[in-house]
There are 2 protein chains.
Amino acid sequence: MTLTNRKEVAKLAGVSEATVSRVLNGIGPMKESTKLKVLDAAKQLNYELNAVASSFARGRSGNLGVVLPHVPKVHLFSTYYFSELLGGIGEAVRQKGYGLLLLFRDPTTVFDYVSLYRTQRVDACIVLGASGIASETESIRRLAEEALPFCVMDQSFNHRGVGSVAADHVRGGYTAVKHLLDQGCKHIGFLNGSPQYSNSSDRRAGYEKALSEAGIAIDESIVYEGNYSRTSGKRAADAVYRDLHRLDGIFVANDRMAIGLIQELRERGCDVPGRLKLVAYDDSDAASLTEPPLTTIKVPFFDMGKLAAEQLLIRITSKEQGEKSPINEKLQTELKVRKSSGHLNAAGGESRTS
Amino acid sequence: MTLTNRKEVAKLAGVSEATVSRVLNGIGPMKESTKLKVLDAAKQLNYELNAVASSFARGRSGNLGVVLPHVPKVHLFSTYYFSELLGGIGEAVRQKGYGLLLLFRDPTTVFDYVSLYRTQRVDACIVLGASGIASETESIRRLAEEALPFCVMDQSFNHRGVGSVAADHVRGGYTAVKHLLDQGCKHIGFLNGSPQYSNSSDRRAGYEKALSEAGIAIDESIVYEGNYSRTSGKRAADAVYRDLHRLDGIFVANDRMAIGLIQELRERGCDVPGRLKLVAYDDSDAASLTEPPLTTIKVPFFDMGKLAAEQLLIRITSKEQGEKSPINEKLQTELKVRKSSGHLNAAGGESRTS
DNA sequence: TTGTACGCGTTATCAC
DNA sequence: GTGATAACGCGTACAA
């Protein structure tokens, strides 16, 4: 594969190098005939802009960094979450001609985000799967203090300058519990995920809001904690089964835990939704495949990824200083009604935006 | 965040710019004192090498492309596969100071890999999830004809110059079926995955080899086809249940299908391994979590990703022409014995390399 | 062991 | 509309 450069194209087209650049970047006015000459020459020589040289001249890498937590042999994301978010980000960067640089961080140590920018490896980055543990908050704090363009996905930090794209989990949790109340539940438990994620406490806030609106007091003894894995859902089954006499519904903070919980409860002869109505969270692929299919809160991961990437690219592309404020977007979730909540009309696949 | 350049470091350290470069790249002999001066100055000024300028001067992007199939709202990979492979690749590139550029392709159209190299966006790439359908083989063929450095993961193409890293699925399939034979099975069915993947036919070859060695004829009527999804495993349950009278064991080409199949068989009152012994494939996270835990063939995805990346980086880094031949590596799988195959000693977690 | 000098292929700013 | 040309920051061959 031979690499052609601009000079050769200019020579063949009989124009200057500057003209070649203008044509290929679609900048400034140009005669149609010149444009055609250049495009023709480029095609003949198999010429395409050299991305590295271009980045160098512009002083930008043209890459958006996506940073994921990674510990070998530990899998933090579901396929659904991962694939949707990355897909959304990928779509946005492709449209803008940007690259998607994948980076792994060790969540237990302070990650040097700033170096990524200083070495010009990325122009901006999206942080996935961040939690509120000390090493992570410290990493993010440094990013924010340098006022670099970045966006944390679905996790909030109490530090100014931290941009984020998130789903409205307070509303999501509220909608889930409201739905259970609408099904006639009076004693609604809650299996939440790890407390180091802000979205866990958000869901809890929604749970509490819905109950208090219904005049039901919060009963801490029926609030359980898992870690978003299916195994933790299975483990929670012991406690839930023990408390079954004072439960008629349960809100579970993600689909995977719900699936584990349901499996174990069934082993013990407790039917969902017959004995216990359940609403889960995420609307992952598995939600519609399990028995029973899960009533769950759909989270628009694809759109969230796309939005985060788009917003970042706007900020690093535009010269307007006003558009450089931290991203702060909150997307709405959607209730997908299926069988697990015992809804009459579940077969219809009813859904409403929460 | 201020960007410092080499000139400033040179001035502060009282040396030439070339010396700064040499120190930072660890090239050539240098006086310890000079080295310290330079490192000190760099630290004071918060200087780090500019990756873009560096790439430009070297004429290489410094990126390894990883190309995945992607159609929005369709999830092709399990978390396990995806996360392990990417993790392995990520580890290798990080060690070499390379970047990991993630790219999505539409499997139904011919993907222009060559342009990635021509525009110098990547120096090499790894193709994940390739299948044998026409558009994919054509894309890969073009890559091979230009003799560009690339590696296809776990899929073989009948075209010279196509490098690949794969697991030995013939042996894997053989080992799986051999284990069932060792458990006393005489009538072993096979639920295979989509035929457009070469690894499907490889597993089948292993299945046939083990049976023929045992003097058992292949019975096409107990070879079933799914598409590696859990749903397809569930669907296969109908046929398997129907044929149950002439089955005492089954080999399933991945864990996800096995899980779906087992779920459905249980619904019909068919116990695994009581009534039907089963060996699955992949040793994904789920394998040890389901009931029963799966006897399965462990595939070293992490190592495969790492190896592919390392081999590619060697090829694009070394000047030796001899080291530019297509990658051709085959890694061994490992039998993990758990409960689903009815092995006596399953609790011990016995495993042997296949 | 260190310094000098040039080139890499663009972008962007002028002048025409 | 188009052409000339100065950056951009680094790698490296060669000289010293």
Side-chain angles (χ1 to χ4, degrees), chain A residues 1-39 41-42 45-63 97 99 117-121 123 316-317 319, chain B residues 1-39 41-42 45-62 97 117-121 123 316-317 319:
Chain A
M1 193 194 55
T2 59
L3 279 200
T4 319
N5 64 17
R6 193 177 60 172
K7 188 189 279 180
E8 301 178 44
V9 177
K11 195 166 59 180
L12 180 59
V15 298
S16 73
E17 293 189 46
T19 299
V20 175
S21 271
R22 278 188 291 255
V23 170
L24 268 58
N25 289 306
I27 289 173
M30 47 199 157
K31 247 178 30 201
E32 187 65 15
S33 63
T34 325
K35 181 175 163 184
L36 290 177
K37 270 193 300 188
V38 170
L39 290 178
L45 297 173
N46 254 329
Y47 173 75
E48 294 185 71
L49 275 180
N50 180 317
V52 173
S54 188
S55 291
F56 176 58
R58 277 191 234 268
R60 294 201 233 108
S61 67
N63 288 145
Y117 294 79
R118 192 180 290 133
T119 60
Q120 219 166 98
R121 252 178 269 276
D123 299 333
I316 61 187
T317 301
K319 300 172 202 318
Chain B
M1 193 194 54
T2 58
L3 279 199
T4 320
N5 63 17
R6 192 177 63 172
K7 186 189 280 180
E8 301 177 45
V9 177
K11 194 166 61 181
L12 179 60
V15 299
S16 75
E17 292 189 47
T19 299
V20 175
S21 269
R22 278 189 290 257
V23 170
L24 268 57
N25 289 307
I27 288 172
M30 46 199 158
K31 240 165 53 189
E32 187 66 17
S33 63
T34 324
K35 182 175 163 184
L36 290 177
K37 269 193 302 188
V38 170
L39 290 178
L45 297 173
N46 254 327
Y47 174 75
E48 293 184 71
L49 276 181
N50 181 318
V52 173
S54 186
S55 291
F56 177 59
R58 276 190 233 268
R60 294 201 235 109
S61 68
Y117 295 79
R118 191 181 291 132
T119 60
Q120 218 165 101
R121 254 178 268 277
D123 299 333
I316 61 185
T317 301
K319 300 174 203 318

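The figures that follow rest on heavy atoms only: side chains count, while hydrogens, waters and symmetry mates do not. A, B, ... follow the sequence lines: proteins, then strands. Residue 1 opens every chain.
The interatomic distance linking A/Glu8 (CD) with C/dT10 (C1') rounds to 15 Å, in whole Å. Between the C1' atom of D/dG9 and the OH atom of B/Tyr47 lies a distance of 7 Å, rounded to the nearest Å. Summarising the geometry, the separation between CG on A/Asn5 and P on C/dC8 is reported as 8 Å, rounded to the nearest angstrom. Spacing between atom CG of A/Leu45 and atom P of C/dG9 amounts to 14 Å, rounded to whole angstrom units. For the pair B/Glu32 CD and C/dT2 P, the interatomic distance rounds to 10 Å; values are reported in whole Å. Between the NZ atom of B/Lys7 and the C1' atom of D/dA7 there is a distance of 11 Å, rounded to whole Å. B/Lys11 has its NZ atom 21 Å from the P atom of C/dT2, to the nearest Å. Here the P atom of nucleotide D/dG11 and the CZ atom of A/Phe56 are 11 Å apart, to the nearest Å.
In this model, the phosphate group of D/dG11 is approached by a side-chain N or O of B/Asn25 to a distance below 4.0 Å at OP1 or OP2. Considering only side-chain N and O atoms, B/Asn50 lies nowhere under 4.0 angstrom from the phosphate OP1 or OP2 of D/dG9.
Taking CZ of B/Arg6 as the reference point, atom OG of B/Ser54 lies at 10.0 Å (rounded to 0.5 Å). In this structure, the separation between CG on B/Leu36 and CD on B/Glu32 is 5.0 Å, given to the nearest 0.5 Å. Note: B/Lys31 NZ to B/Lys37 NZ = 7.0 Å, rounded to the nearest 0.5 Å. Atom OG1 in A/Thr19 sits 14.0 Å away from atom NZ in A/Lys35 (nearest 0.5 Å). With rounding to the nearest 0.5 Å, the separation of OG1 in B/Thr2 from CZ in A/Arg118 is 7.5 Å. Expressed to the nearest 0.5 Å, how far CZ of B/Arg121 lies from OG of B/Ser61 amounts to 10.0 Å.
B/Thr4 places a side-chain N or O within donor-acceptor distance of the main-chain N or O of B/Leu45, the cut-off being under 3.5 Å.
Nearest nucleotide to the A/Ser16 side chain, out of C/dT10, D/dC10, D/dG3: D/dG3. Counting only heavy atoms from C-beta on, B/Thr19 has its side chain closest to C/dT2 among C/dT2, D/dC10, C/dG9.
Toward the 5' end of DNA chain C, the nearer of the two residues B/Lys31 and A/Ser54, judged by each one's closest nucleotide, is B/Lys31.
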Taking only nitrogen or oxygen atoms into account, show me every contact under 3.5 Å that the protein makes with nucleotides 12-14 of chain C, one pair per line with its distance.
none

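Note on A/Thr34: only backbone sugar-phosphate atoms sit closer than 4.0 angstrom, heavy atoms only; bases stay farther off. Backbone-only engagement by B/Val15 is indicated by non-hydrogen atom pairs under 4.0 Å involving sugar-phosphate atoms exclusively.
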